[in-house]
Amino acid sequence: MKAVGYQKSLPIEAADSLVDFEIAKPEPKGRDIRVAVKAISANPVDYKVRKRAAPTDGGYKILGFDAAGVVDAVGPDVSLFKPGDEVFYAGSILRQGTNSEFHLVDERIVGNKPASLSFAQAAALPLTSITAWELLFDRLGAVPGKSLDPRTLLITGGAGGVGSILIQLARRLTGLTVVATATRPESQKWCRDLGAHAVIDHSQPMKEQIESLRLPPVGLVASLTFTDQHYKSIADFIAPQGKFGLIDDPPEFNVAAFKGKAVSVHWESMFTRSSFQTPDMIAQHHLLNDVADLIDKGVLRTTLDQTFGTINAANLKRAHALLESGKSRGKIVLEGW
């Protein structure tokens with residue numbers, strides 16, 4: 001089968017940073033299903049892994065987490081899917097990735113593809129939907145339901161992949177007031193179109209902008225990017241006994257900034273359940289099915305922004321370069337071989 005991968009961690013401009021190659025098609029065992037991959041999307045975790053994790057056995061590391069495709073074969077213990085089913089999922093960070101024609105994935109972290117979406121539209125959703133859902137409901141403890149919640153949720157980096165789905169989840173499924181941050185006019189408009197009640201510029205002092213909006217107190221914060229640059233200023237205006245959640249890898253982060261207000265700090269990693277085979281691992285299967293249902297009912301929409309052509313090394317290099325620039329919006333998808 002065709003695949004895209006690398007043997008050495010190199011800058012994306014290097015000729016061999018990502019290469020096309022062929023490898024044997026994997027065989028499913030246990031609860032694995034084999035998926036014929038139709039579309040994938042690129043995420044910041046792709047280039048982060050590429051930069052720090054080179055294969056040690058001289059082989060190829062295949063990146064990619066998001067995928068949408070068709071079940072091709074199933075392991076002997078599979079009960080949730082059968083060949084021919086259309087699925088979408090975000091894979092495991094401990095296994096080979098989705099940048100390959102066929103891919104093995106544990107059925108417990110796979111959902112049924114939204115029927116109303118194309119494979120490309122569906123591939124934009126899994127990793128960011130799982131991250132946003134777990135962050136909002138499992139970590140920050142937001143309450144599903146449209147009853148009024150007297151708090152504001154601040155989402156820093158609202159126009160990125162996770163922010164784009166988190167804005168929708170918070171606005172459509174909770175009673176929270178939703179404020180997103182974005183710097184460029186087109187990114188600010190993107191956030192408003194997705195449902196943010198207000199948008200502020202995180203390149204400017206945020207406290208003054210928040211106060212001028214005269215909204216409910218900021219009780220919840222989803223820090224999606226540049227946490228090290230923003231957390232001290234956020235600690236100054238977050239409500240006492242609030243909750244601060246983050247997903248990035250800040251080079252500097254001191255939780256003591258939140259001690260005086262008894263603010264709790266929550267990490268979110270959507271790979272935790274699959275990496276540690278947690279007893280509730282199947283929650284991601286149910287979560288993705290819920291997202292698919294909300295998509296098909298018109299409550300949520302895909303966050304696909306750009307399609308970069310077929311799945312190959314050249315197009316994936318373009319995707320990595322754009323993600324590394326920090327100027328992407330929504331999701332970048334590649335489709336077909």
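Only heavy atoms go into these numbers, but all of them, side chains included; no hydrogens, no water, no symmetry mates.
Atom CZ of Phe226 is surrounded by 12 or fewer heavy atoms from other residues, nucleotides or ligands within 6.0 Å. Atom CD of Glu208 has more than 12 heavy atoms from other residues, nucleotides or ligands within 6.0 Å.
With hydrogens and angles disregarded, a donor-acceptor distance shorter than 3.5 Å links the side chain of Ser325 to the backbone of Leu322. Distance alone, capped at 3.5 Å, places no donor-acceptor pair between the Asp236 side chain and the Lys207 backbone. In this structure, Gln168 contributes its side chain and Arg301 its backbone to a donor-acceptor pair below 3.5 Å. Without hydrogens or angle criteria, Thr307 side chain to Gly309 main chain gives no donor-acceptor distance under 3.5 Å. Formation of a donor-acceptor pair under 3.5 Å by the Asp228 side chain with backbone atoms of Phe253 is not found in this model. A distance-only check finds a donor-acceptor pair linking the side chain of Ser164 to the backbone of Ala159 [under 3.5 Å]. Listed for the Thr98 side chain is a donor-acceptor partner under 3.5 Å among the backbone atoms of Phe65. Using a distance-only test at 3.5 Å, with no hydrogens or angles considered, a donor-acceptor pair links the side chain of Asp248 to the main chain of Thr227. Gln188 places a side-chain N or O within donor-acceptor distance of the main-chain N or O of Ala182, the cut-off being under 3.5 Å. A side-chain donor-acceptor contact under 3.5 Å links Glu107 to the backbone of Leu80.
Evaluation of the ring pair (Phe, Tyr, Trp, His ring centres under 6.0 Å) rule for Phe81 yields His285 as partners, not counting sequence neighbours. Applying the ring pair (Phe, Tyr, Trp, His ring centres under 6.0 Å) test to His266 and every residue at least two apart in sequence or in another chain returns nothing. Qualifying side chain to side chain donor-acceptor pair (under 3.5 Å) partners for Asp193, counting only residues two or more places apart in sequence or in other chains: Lys189. Judged as a side chain to side chain contact (heavy atoms under 4.5 Å, CB included), and not counting sequence neighbours, the contacts of Lys48 are Pro44, Arg52, Asp249. Take Arg95 and apply the side chain to side chain donor-acceptor pair (under 3.5 Å) test, not counting sequence neighbours, and it matches Asp32. With sequence neighbours excluded, no residue satisfies ring pair (Phe, Tyr, Trp, His ring centres under 6.0 Å) with Phe308. Scanning for side chain to side chain donor-acceptor pair (under 3.5 Å) contacts around Glu211 gives an empty result, with sequence neighbours left out. Contacts of Phe137 classified as ring pair (Phe, Tyr, Trp, His ring centres under 6.0 Å), with partners at least two apart in sequence or in another chain: Trp133. Looking at residues two or more places apart in sequence or on another chain, you find no side chain to side chain contact (heavy atoms under 4.5 Å, CB included) involving Ser147.
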Would Arg34 and Glu101 satisfy salt bridge (charged side-chain N to carboxylate O under 4.0 Å, His left out), going step by step from the backbone distance to the final call?
-> CA-CA 10 Å; Arg34 188 172 67 197; Glu101 279 190 283; over 6 Å; no
In sequence, state the C-alpha distance, the side-chain angles, and the governing distance for Arg31 and Asp77, and then conclude on salt bridge (charged side-chain N to carboxylate O under 4.0 Å, His left out).
-> CA-CA 5 Å; Arg31 298 194 72 172; Asp77 301 325; over 6 Å; no
What do the steps show when you test Leu63 against Val4 for side chain to side chain contact (heavy atoms under 4.5 Å, CB included), and what is the final call?
-> CA-CA 8 Å; Leu63 294 172; Val4 180; over 6 Å; no
Show your working on side chain to side chain contact (heavy atoms under 4.5 Å, CB included) between Ile210 and Ile200 and close with a plain yes or no.
-> CA-CA 8 Å; Ile210 289 287; Ile200 64 173; 3.9 Å; yes
In sequence, state the C-alpha distance, the side-chain angles, and the governing distance for Asn312 and Lys317, and then conclude on side chain to side chain contact (heavy atoms under 4.5 Å, CB included).
-> CA-CA 9 Å; Asn312 60 41; Lys317 283 184 181 182; over 6 Å; no
Distance-only check: which donor-acceptor pairs under 3.5 Å involve side-chain atoms of residues 10-26, not counting sequence neighbours?
| from | atom 1 | to | atom 2 | distance (Å) |
| --- | --- | --- | --- | --- |
| Ser17 | OG | Ile12 | O | 3.0 |
| Ser17 | OG | Ala14 | O | 3.0 |
| Asp20 | OD1 | Ala313 | N | 2.9 |

Could you pull out every donor-acceptor pair under 3.5 Å between side chains of residues 119-126 and any protein atom, sequence neighbours left out?
| from | atom 1 | to | atom 2 | distance (Å) |
| --- | --- | --- | --- | --- |
| Gln121 | OE1 | Ser118 | N | 2.9 |
| Gln121 | OE1 | Ser118 | OG | 3.4 |

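Nearest heavy atom pair, residue Leu300 against residue Leu169, reads CD1-CD2, 3.8 Å. Annotation for Ser116 and Asp296: closest pair OG-OD1, 2.5 Å, computed over non-hydrogen atoms. Scanning both residues, Thr152 and Leu215, for their nearest heavy atoms gives OG1-CB, 3.8 Å.
When each of Val179, Asp201, Ile234 is tested with Met206 by the rule side-chain contact (heavy atoms from CB on, under 4.5 Å), just one qualifies, namely Ile234.
Ring pair Phe244/Tyr231: centre-to-centre distance not below 6.0 Å.
Put simply, CG on Leu135 and OG on Ser269 are 11.5 Å apart, with the number rounded to the nearest 0.5 Å.
The hydrophobic cluster containing Val143, built from Ile/Leu/Val/Met/Phe/Trp/Tyr side-chain heavy atoms closer than 4.5 Å, comprises no other residue.
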